[in-house]
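Note sheet for the following structure.
Reckoned from all heavy atoms, side chains included, excluding hydrogens, waters and symmetry mates.
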Amino acid sequence: MRVRLRWSKQGKIRFCGHRDAARIWERAVRRAELPVAYSQGFSPRPRISFGLALATGQESVAEYLDVDLRVSPEEIFGWAACMPERLSGALPDGMAVTDACPLRPGAASLQEAVTSCIWEFAVAEAEAAFAAEWVERVRSAESLPLQRERKGRTTTSDVRTAVGDLHILDASVGSVLVAELGTKPRAVRPAEFLRLIAPPLAAGRVRRLHQLITRDGERYEPLAPEAGALAPAGDALAAASTGAVPAAQQEVCAR
């Protein structure tokens with residue numbers, strides 16, 4: 001049986017890379033004494049499936065992973081209910097599990113299902129006017145060419161359709177830019193987004209607020225946060241302004 005977890009990564013732990021975070025999770029499930037299923041072979045590993053990788057230095061309140069448990073269908077709901085508390089106690093400061101839900105059989109993997117992410121970029125007060133102008137230029141651009149280098153070759157592609165809603169929000173100090181960036185057919189990374197229009201926009205803290213699945217015209221999260229789960233208040237305001245806090249679809253989570 002598989003359980004999907006929603007977790008956060010904030011503070012100093014944001015400088016921990018994806019591979020190190022994966023090792024932290026392997027230790028956490030052992031410390032929490034969960035009945036985790038293991039892979040076969042000479043070096044069995046916990047069967048944990050991670051979603052989209054978060055770059056080193058970035059924060060998130062919307063990370064996801066799937067864990068396979070060796071339990072019966074009757075037991076899975078009880079285990080899912082206790083997992084946020086048990087795992088949060090086994091994780092380092094800055095990492096916490098905010099929700100857990102059993103998955104329906106046949107649910108698509110996170111890597112396959114997520115089609116876009118909503119990001120929050122902190123903009124210094126001195127850059128607020130430039131940020132507003134930069135956002136308008138991005139909105140009005142008919143094309144957004146992005147150069148990428150891979151294996152010694154440079155390619156250019158138009159990512160205009162991958163850049164969704166953009167919003168500038170006033171904060172107590174400086175401003176906050178909220179942007180939806182597509183992940184398919186290839187993700188637009190936050191660092192790439194900031195240099196789409198020259199001169200590039202400088203941003204401080206970068207935080208992932210949501211990951212979204214689009215299917216049959218409907219948008220929803222792999223596991224929606226509970227009301228008030230986004231803190232501080234500025235983050236909740238950012239989420240509300242995008243209209244992107246849909247509920248988890250019942251075909252995914254077996255609630």
Side-chain angles (χ1 to χ4, degrees), residues 1-9 13-14 16-56 58-73 75-88 90-92 94-118 182-187 189 208-215 219-225 248-255:
M1 301 296 296
R2 178 167 291 188
V3 176
R4 176 159 293 170
L5 305 177
R6 180 185 174 102
W7 58 285
S8 60
K9 183 181 181 184
I13 198 68
R14 71 185 186 275
C16 172
H18 181 71
R19 291 184 179 180
D20 290 331
R23 286 191 285 268
I24 289 174
W25 272 104
E26 290 182 0
R27 290 195 296 267
V29 296
R30 290 196 297 268
R31 291 172 179 170
E33 298 181 345
L34 301 177
V36 179
Y38 280 76
S39 61
Q40 303 297 316
F42 291 103
S43 300
R45 306 291 292 272
R47 292 180 59 178
I48 303 174
S49 303
F50 291 90
L52 302 177
L54 188 69
T56 303
Q58 295 174 354
E59 293 186 330
S60 177
V61 294
E63 294 305 286
Y64 296 95
L65 60 82
D66 297 338
V67 181
D68 288 356
L69 300 182
R70 294 179 287 102
V71 297
S72 67
E75 298 172 314
I76 190 64
F77 290 96
W79 278 105
C82 72
M83 287 175 73
E85 181 178 359
R86 295 180 69 155
L87 283 169
S88 294
L91 290 167
M95 294 176 66
V97 178
T98 56
D99 203 358
C101 183
L103 289 186
R104 291 184 181 274
S109 68
L110 291 164
Q111 294 278 357
E112 176 186 353
V114 174
T115 55
S116 65
C117 296
I118 295 180
T183 63
K184 295 182 181 300
R186 183 174 175 180
R189 302 182 182 92
R208 179 149 55 192
L209 298 180
H210 301 282
Q211 298 187 43
L212 299 176
I213 297 171
T214 303
R215 184 178 301 163
R219 284 154 43 98
Y220 56 94
E221 295 206 36
L223 184 53
Q249 197 172 49
Q250 293 301 312
E251 68 182 57
V252 176
C253 293
R255 278 181 165 161

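- The two atoms that bring Gln58 and Arg14 nearest to each other are O-CB, 3.5 Å, heavy atoms only.
- Considering OG of Ser60 and NE2 of His210, their distance stands at 10.0 Å, rounded to 0.5 Å.
- Distance check, rounded to the nearest 0.5 Å: CZ of Arg23 to CZ of Arg27 gives 8.0 Å.
- By the 4.5 Å heavy-atom criterion applied to side chains, Pro73 and Met1 are counted as neighbours.
- Residues Val97 and Met83 have side chains not in contact (no heavy-atom distance under 4.5 Å, counting atoms from C-beta outward).
- Rounded to the nearest 0.5 angstrom, Ile48 CD1 and Leu65 CG are separated by 6.5 Å.
- Between the side chain of Glu85 and the backbone N or O of Cys82, no donor-acceptor pair lies under 3.5 Å.
- Nearest heavy-atom pair, Ala32 versus Arg86, reported as atom, atom and distance to 0.1 Å: O-NH2, 2.7 Å.
- When atom types are taken as modelled, the side chain of Gln111 and the backbone of Gly51 share a donor-acceptor pair closer than 3.5 angstrom.
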Going through the checks in order, is the side chain to side chain contact (heavy atoms under 4.5 Å, CB included) test met by Leu110 and Phe50?
CA-CA 7 Å; Leu110 291 164; Phe50 291 90; over 6 Å; no
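- Under the 4.5 Å side-chain criterion, counting only non-hydrogen atoms from C-beta, Val3 is in contact with Leu69.
- Heavy-atom minimum distance, Ala113 versus Ala108: CB-CB, 4.1 Å.
- Donor-acceptor pairing under 3.5 Å is lacking for the side chains of Thr183 and Ser116.
- Going from atom CG of Leu91 over to atom CH2 of Trp25 covers 4.5 Å, rounded to the nearest 0.5 Å.
- Shown here for Lys9 and Ile13, the closest heavy-atom pair between the two residues is CE-O, 3.2 Å.
- In this structure, Pro102 and Ala80 approach most closely via the heavy-atom pair CD-CB, 3.8 Å.
- Put simply, the side chain of Arg4 never gets that close to the backbone of Cys101: no donor and acceptor are under 3.5 Å apart.
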Working for salt bridge (Lys or Arg N to Asp or Glu O under 4.0 Å), residues Arg208 and Glu59:
CA-CA 6 Å; Arg208 179 149 55 192; Glu59 293 186 330; over 6 Å; no
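- Taking the side chain as every heavy atom from C-beta outward, Leu52 and Gln211 approach each other to under 4.5 Å.
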Apply side chain to side chain contact (heavy atoms under 4.5 Å, CB included) to the pair Glu221 and Tyr64, showing each step before the final yes or no.
CA-CA 10 Å; Glu221 295 206 36; Tyr64 296 95; 2.7 Å; yes
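- Electrostatic pairing of Asp99 and Arg6 does not count as a salt bridge here, judged by no charged N lying under 4.0 Å from a carboxylate O.
- How far CZ of Arg47 is from CD of Gln40: 8.5 Å, rounded to the nearest 0.5 Å.
- Remark: the backbone N or O of Val36 is paired with a side-chain donor or acceptor of Arg70 at under 3.5 angstrom.
- By the neighbour-count criterion of 12 heavy atoms within 6.0 Å, atom CZ of Arg45 is sparsely surrounded, having that number or fewer from other residues, nucleotides or ligands.
- In terms of heavy atoms, Val71 sits closest to Pro35 at CG1-CG, 3.5 Å.
- Atom OG of Ser49 and atom CG of Asp68 lie 6.0 Å apart (nearest 0.5 Å).
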Run the numbers on Thr98 and Leu223 for side chain to side chain contact (heavy atoms under 4.5 Å, CB included), then give the verdict.
CA-CA 10 Å; Thr98 56; Leu223 184 53; over 6 Å; no
Given the rule in the side chain to side chain contact (heavy atoms under 4.5 Å, CB included) test, do Tyr220 and Leu212 qualify, once you have shown the distances and angles that lead to the verdict?
CA-CA 6 Å; Tyr220 56 94; Leu212 299 176; over 6 Å; no
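- The shortest side-chain heavy-atom distance between Cys16 and Ile24 falls under the 4.5 Å cut-off.
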